[in-house]
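This report concerns only the one structure given below.
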Amino acid sequence: MKILVINGPNLNMLGIREPDIYGRQTYSDLEAYIRAGAEKLGLEVEVFQSNHEGDLVDKIQWAYGRMDGIVINPAAYTHTSVAILDALKAVALPAAEVHLSDVNQREAFRHISYAGMACQVSFIGLGFEGYLRAMEYLKNVIQ
Ligand code: CA2
């Protein structure tokens, strides 16, 4: 079972700024956490991060016919990108949304999630654990 994990803009800055919101662990730590979690669950995982909306759309399209599910934290594009929503709808793979922080307790503009409208489930405010829960969820849905 193959899962694509996609992370959006600025998540590569994890651990460098805003530790009060996003913690002290780095993006490399997150990638290692995702890979270890996938191994434990017996999943094959591809991890991708980009700061560019079109690259995120391209990667979602790439998953069609190659991957069995998508975990996505579109970061700021969560709240703006109809293109990412449309790409997720187009490939129609089981998808889970993740946010490290509790977006519902933050600014009003973070309360809307376009990408979330094409996801079966959202794990919000659980930090890194959200990615593990999302992979677990997809494993159960797909098998
Ligand atoms: O909580 C999340 O996972 C977010 O997707 C993170 C996004 C934010 O725009 C969403 O509203 C919620 C921001 C990612 C930026 O991460 C940074 C990490 C360290 C320093 C600066 C930004």
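Note that ligands are numbered from 1 as they come in the structure, with each ligand's atoms numbered from 1 the same way. Owing to the predicted nature of the structure, the values given are computational and were not obtained by experimental measurement.
Near His79, meaning under 4.0 Å from any of its heavy atoms, are these atoms of ligand 1: 10 (C), 11 (O). For ligand 1, the atoms sitting less than 4.0 Å from at least one non-hydrogen atom of Ala76 are 9 (O), numbered in the order shown with element in parentheses.
Side-chain contact check for Met67 versus Pro94: every heavy-atom pair is 4.5 Å or farther apart. The side-chain heavy atoms of Ile6 and Val71, taken from C-beta on, include no pair separated by under 4.5 Å. With contacts defined as side-chain heavy-atom distances shorter than 4.5 Å, the pair Phe128/Leu100 qualifies.
The two atoms that bring Ile84 and Ala115 nearest to each other are CG2-CB, 4.3 Å, heavy atoms only. Between Arg106 and Ser101, the closest heavy-atom pair is NH1-OG, 2.9 Å.
Of all the heavy atoms of Val98, none lies under 4.0 Å from any atom of ligand 1, so neither backbone nor side chain is involved.
Taking atom 16 (O) of ligand 1 as the reference point, the nearest protein heavy-atom neighbour is Asn10 O, 3.5 Å. Closest to atom 9 (O) of ligand 1 among all protein heavy atoms lies Arg110 NH1, 2.9 Å. In terms of protein heavy-atom proximity, atom 1 (O) of ligand 1 is closest to Ser101 OG, 2.6 Å. For atom 2 (C) of ligand 1, the closest non-hydrogen atom of the protein is Leu100 N, 3.3 Å. Of all protein heavy atoms, the one lying nearest to atom 20 (C) of ligand 1 is Arg17 O, 3.3 Å. Protein heavy atom in closest approach to atom 13 (C) of ligand 1: Tyr22 OH, 3.3 Å. For atom 4 (C) of ligand 1, the nearest protein heavy atom (residue, atom name, distance) is His99 ND1, 3.7 Å. For atom 21 (C) of ligand 1, the closest heavy atom belonging to the protein is Glu18 OE2, 3.6 Å.
Between Glu39 and Arg35, no side-chain nitrogen of the basic residue sits less than 4.0 Å from a carboxylate oxygen of the acidic one, so the salt-bridge criterion is not met.
The shell of residues lying under 4.0 angstrom from ligand 1, judged by heavy atoms, includes Leu11. Under a 4.0 angstrom heavy-atom cut-off, Val103 registers as being in contact with ligand 1.
Taking CG of Leu43 as the start and CG of Leu138 as the end, the distance is 8.5 Å to the nearest 0.5 Å.
Remark: side-chain polar atoms of Gln120 are paired, donor with acceptor, to backbone N or O of Ala95 under 3.5 angstrom.
Where the criterion is an N or O separation shorter than 3.5 Å, residue side chain and backbone included, Arg106 fails it with respect to ligand 1.
Ring pair Tyr137/Phe123 is perpendicular by interplanar angle, where above 60° counts as perpendicular and below 30° as parallel.
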